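One structure is given here, and the rest of the page talks about it.
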Amino acid sequence: MNILVTGGSGFIGSNLCRRLLDEGHYVLCLDNNYTGRMENIQELLTNDHFSFILADVCDSLKDRPELKTQALHLDQIYNLACPASPPAYQGLHAIETTKTCVLGAINVLELALAHGATVLQASTSEVYGDPLVHPQHEGYRGNVNPNGIRACYDEGKRCAESLFFDYARHLGAKIKVIRIFNTYGPFMDPKDGRVVSNFICQALRGEDLTVYGQGEQTRSFCFVDDLIAGMVAMMNSDPEFLGPVNLGNPQEFTIAQLAQQVLEMIPSGAKLVFKDLPQDDPRCRKPDISLAKSKLGWQPHIKLTEGLQRSIPYFAQRLRDDGVQLKAVF
Ligand code: UDP
């Protein structure tokens, strides 16, 4: 198949491009490289089945020469383009984040309609906000602050879901919607400010681990290979099943437990240091994955310790590439 991955040079996107190439597909990777990085797809650039388009999903896609129906037939589109780390979307680029969610959804949906392609939207557990129902099932409508510092992402992704379902209802678009919970693994940006990358890199540098608040808030961490398997299963599932479907690992940890786990695995003499909890930081998060299990036959297999073991050497290499002297050997 010909498959377009928007956000393809980002963390999840670059892992997905590799998986799709391994399956023998032709992959078009589109990114504006705001949070994506060419290093993530470097060795793919010489693959005949792979091409890269530097573009922004906020601009019309269906009129681009490389994406016109006369140039090729797209079978599937994964829409992953969006900054996803809180420091990335809460900063100066908050407005661009909402635009990317909303205009990006419209542009990929128009492109999908032109090609008759199935389009999968990467939605997020953030649509549940600071949840009052635990664990979160797909029927829960969430508890989102509509104008707080996370709203550009949360409300942007909620609006994108709304656009996807209206394009399906009114225009016959072939859609799939997944809600991704916290994911980690190789090709994450060490500097993107998320908790797993921060803790691993801080421990490798021998710096104290920055726990926000008392570290009592919880998250459920999914290794990226498990997530990708779920995404591909959803894309290729019964066309009648549109979602939304939660994809994540239901093993729940407090942030303090995650920090202890990282310190055990990276013995560098680092300690915990407590910092202010950011505004609107969700107190808990854990996916109910019954729907994914029953509809997709999917569930994650990689436990946190194994996933961290598989991630630490990647972060160590990235730090060494930047000339950082590591306090622990990997
Ligand atoms: N966090 C932390 N220390 C860090 C980075 C994040 O304690 O250096 C906390 C953050 O406040 C949140 C959790 O870890 O409660 C997960 O944060 P992340 O940015 O990875 O993702 P989120 O689930 O908030 O989108």
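Order of appearance sets the numbers: ligands from 1, and atoms from 1 within every ligand. All of these numbers come straight from a predicted model, not from anything done at the bench.
- Between Y153 and Y89, the distance from one ring center to the other falls under 6.0 angstrom.
- Residue P278 has at least one heavy-atom neighbour below 4.0 Å for each of these atoms of ligand 1: 11 (O).
- Looking at atom 20 (O) of ligand 1, its nearest protein heavy atom turns out to be V195 N, 2.8 Å.
- In terms of N/O distances under 3.5 Å, ligand 1 is not approached by V211.
- For atom 3 (N) of ligand 1, the closest non-hydrogen atom of the protein is T210 O, 2.6 Å.
- Under the 4.0 Å criterion applied to side-chain N and carboxylate O atoms, D166 and R169 are assigned as salt-bridge partners.
- A cation-pi arrangement is absent between R141 and Y128, since the terminal nitrogen or guanidinium carbon is not both under 6.0 Å from the aromatic centre and inside a 45° cone about the axis.
- In terms of protein heavy-atom proximity, atom 5 (C) of ligand 1 is nearest to Y212 CE1, 3.3 Å.
- Of the N or O atoms in D281, one or more lie within a sub-3.5 Å distance of an N or O in ligand 1.
- A donor-acceptor pair is defined here as one N or O able to donate and one able to accept, closer than 3.5 Å; no such pair exists between the side chain of N182 and the backbone of F221.
- A salt bridge links E43 with R18: at least one charged nitrogen is closer than 4.0 Å to a carboxylate oxygen.
- Using a 4.0 Å cut-off between a side-chain N of Lys or Arg and a carboxylate O of Asp or Glu, R194 and D192 qualify as a salt bridge.
- Looking only at distances, no side-chain donor or acceptor of D226 sits under 3.5 Å from a matching main-chain atom of C222.
- Contacts between Q217 and ligand 1, counted as non-hydrogen atom pairs separated by less than 4.0 Å, involve the side chain only.
- Those atoms of ligand 1 that come under 4.0 Å of a heavy atom in G193, given as number and element, are 5 (C).
- The nearest protein atom to atom 24 (O) of ligand 1, hydrogens excluded, is given as R150 NH2, 2.9 Å; this is a heavy-atom distance.
- Not a single heavy atom of K275 lies less than 4.0 angstrom from ligand 1.
- For atom 13 (C) of ligand 1, the closest non-hydrogen atom on the protein side is I255 CD1, 3.7 Å.
- For the residues T183, T124, N182, D154, the heavy atom positioned nearest atom 21 (O) of ligand 1 is part of N182.
- Under the 4.0 Å criterion applied to side-chain N and carboxylate O atoms, K191 and D322 are assigned as salt-bridge partners.
- Proximity to E126 (heavy-atom distance under 4.0 Å) selects the following atoms of ligand 1: 25 (O).
- Classification of E126 and R285 as a salt-bridged pair holds, one side-chain N sitting under 4.0 Å from a carboxylate O.
- Within ligand 1, counting atoms from 1 as listed, the ones closer than 4.0 Å to a heavy atom of N198 are 4 (C), 5 (C), 8 (O).
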